[in-house]
Student: 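Structure incoming, see below.
Note: hydrogens, waters and symmetry copies are ignored here, and every other heavy atom, side chains too, is used.
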Amino acid sequence: MTEYDVLAEVYEWLISDAKLPPAEFAASFDDVLGSLPSNAHVLDCSCGTGQLAVGLAGRGMRVVATDASEAMVRRTAELAAEFGASVQTMRANWEELPEHFEDGTFDLVFCVGNSLHHARGATGRGAALESMSRLLRPGGRLVLTSRTWELVRARGSRLDIRDRLVRRNGRDAVVVYRWDIAPQWDDEHHIEIAIAQVDATGSVRVRSELLSCWPYRYEELEVGLQRVGLRTETSTFDRVSENYTVVASKEQAATS
């Protein structure tokens, strides 16, 4: 079961230096945001600790931030309060979103931070994409980021230890990923993430969490988007790059 209850407390060690400030995180999507009105209605449905949501709210957008993890939602609310940003927060997984919002509510939906692989297999992934599509107005856009799972699986089960200390809030930490790659694509995979913090006395405190994931090929993602009425506008997918971004728009209703 993917919870993020432990990692939520130390999640900033997993965010890159460039995207830690909320304004900078939002600015990384300027190409998409530039076409929106300043008061656009935006959903971040994998909000994590809130850097993107708070950055968007700082631009005057009406922002809703949701996550399946109660701890992540709490940290997002705390960050919004710290910056004086107006962000509506709610704990909800992707399938639950249509229970809380009417179809066509949002101009833009974000699903970033390599989150979609936590949906349970092809069925769960399809349901998640269906929810996101339903909440978009016709012509609205979905912005999704993903690991390149073709690369991840090709490397097999392994231990990745970051080669430098990461400093956050005056404390250093080493980040470790343990990958448990299952035999088949459709099988449940696991990632254990550990953050070893070093305090001022040199003592080390380790916080770790085992997360479930269900990887997918890029072609499967494209098919899934098409099935829910989303057309890919731009994609940075490259089989030799670690991550990619897809921007897809919701098809306009046909007119007679």
Side-chain angles (χ1 to χ4, degrees), residues 2 4 11 14-20 24-36 42-49 51-53 55-56 67-68 94 106 108-122 124-133 136 140-156 158 160 162 175 177 179 181-182 184-187 189-191 193 211-251:
T2 300
Y4 280 95
Y11 197 74
L14 303 178
I15 301 173
S16 68
D17 294 343
K19 293 183 177 180
L20 195 59
E24 295 302 319
F25 203 151
S28 68
F29 295 105
D30 274 347
D31 289 350
V32 179
L33 298 174
S35 61
L36 290 176
V42 180
L43 170 66
D44 182 356
C45 64
S46 53
C47 66
T49 49
Q51 278 72 21
L52 176 57
L56 295 170
D67 201 284
W94 292 302
F106 297 98
L108 188 64
V109 172
F110 283 96
C111 180
V112 298
N114 298 306
S115 300
L116 188 60
H117 65 263
H118 292 311
R120 187 175 290 273
R125 188 165 59 250
L129 293 173
E130 173 67 25
S131 292
M132 296 178 213
S133 180
L136 277 171
R141 289 169 166 171
L142 168 67
V143 181
L144 185 147
T145 66
S146 177
R147 285 188 177 91
T148 304
W149 283 100
E150 291 86 346
L151 278 181
V152 175
R153 280 188 48 85
R155 292 167 180 161
R158 64 196 183 279
D160 285 341
R162 298 290 171 87
V175 178
Y177 284 77
W179 300 87
I181 304 300
Q184 304 298 325
W185 274 91
D186 294 339
D187 294 340
H189 293 49
H190 294 96
I191 310 170
I193 304 175
L211 306 171
S212 297
C213 61
W214 288 264
Y216 47 86
R217 301 172 180 86
Y218 176 73
E219 291 79 4
E220 292 175 303
L221 176 60
E222 282 281 4
V223 170
L225 292 169
Q226 294 170 11
R227 282 177 177 166
V228 299
L230 295 172
R231 177 180 59 84
T232 299
E233 290 186 355
T234 62
S235 171
T236 63
F237 174 74
D238 185 328
R239 292 185 181 276
V240 299
S241 298
E242 299 290 335
N243 302 278
Y244 60 90
T245 301
V246 173
V247 179
S249 59
K250 185 170 181 178
E251 297 174 359

Student: Nearest 0.5 angstrom please: L221 CG to H117 NE2, how far?
Tutor: 13.5 Å
Student: Report the distance from atom CD1 of I193 to atom OH of Y11, rounding to the nearest 0.5 Å.
Tutor: 7.0 Å
Student: Using atom types as modelled and distance alone, determine if a side-chain donor or acceptor of H118 lies under 3.5 Å from a backbone N or O of S212.
Tutor: yes
Student: Indicate yes or no: does E220 engage R227 in a salt bridge with an N to O separation below 4.0 Å.
Tutor: no
Student: So does Y244 get a backbone contact from the side chain of S146, meaning a donor-acceptor N/O pair under 3.5 Å?
Tutor: no
Student: Find the distance between CG (L211) and OH (Y4) and round it off to the nearest 0.5 Å.
Tutor: 4.5 Å
Student: For R162, which residues count as a salt bridge (Lys or Arg N to Asp or Glu O under 4.0 Å) partner, sequence neighbours excluded?
Tutor: none
Student: Spell out, as yes or no, whether a donor-acceptor pair under 3.5 Å connects the side chain of D160 to the backbone of Y177.
Tutor: no
Student: Strictly distance-based, threshold 3.5 Å: is any side-chain N or O of T145 a donor or acceptor partner for the main-chain N or O of G113?
Tutor: yes
Student: Starting from the C-alpha separation in whole Å, work towards a yes-or-no answer on side chain to side chain contact (heavy atoms under 4.5 Å, CB included) for R158 and V152.
Tutor: CA-CA 10 Å; R158 64 196 183 279; V152 175; 4.2 Å; yes
Student: Rounded to the nearest 0.5 Å, what separates atom NZ in K19 from atom CZ in F29?
Tutor: 5.0 Å
Student: Which heavy atom in A248 sits nearest to a heavy atom in L230, and how many Å separate them?
Tutor: CB-CB, 4.0 Å
Student: Among V32, L225, V228, whose side chain to side chain contact (heavy atoms under 4.5 Å, CB included) with L142 holds?
Tutor: L225
Student: Rounded to the nearest 0.5 Å, what separates atom CD1 in I15 from atom CD in E24?
Tutor: 13.5 Å
Student: Which pair of non-hydrogen atoms, one from W214 and one from G121, has the smallest distance, and what is that distance?
Tutor: CG-N, 3.3 Å
Student: Under 3.5 Å, is there a donor-acceptor pair between the side chain of T236 and the main chain of T245?
Tutor: yes
Student: Ignoring hydrogens, what is the shortest heavy-atom contact between G48 and D67? Give both atom names and the distance.
Tutor: N-OD2, 3.0 Å
Student: Closer than 3.5 angstrom, by distance alone: can the side chain of S241 be matched with the main-chain N or O of F237 as a donor-acceptor pair?
Tutor: no
Student: How far apart are the closest heavy atoms of L33 and A26, and which atoms are they?
Tutor: CD1-O, 3.4 Å
Student: How many angstroms lie between CG in L108 and CG in D44, if you round to the nearest 0.5 Å?
Tutor: 9.5 Å
Student: For the side chain of R153 and the backbone of Y216, is there at least one donor-acceptor N/O pair under 3.5 Å apart?
Tutor: no
Student: So which heavy atom on I191 is nearest to which on R147, and how close?
Tutor: CD1-NH1, 4.1 Å
Student: So do the side chains of W94 and R125 get within less than 4.5 Å of each other, counting heavy atoms only?
Tutor: no
Student: Mark yes or no for whether S133, through its side chain, and G229, through its backbone, hold a donor-acceptor pair below 3.5 Å.
Tutor: no
Student: So, for P215 and C213, which heavy atoms are closest and what is the spacing to 0.1 Å?
Tutor: CD-O, 3.9 Å
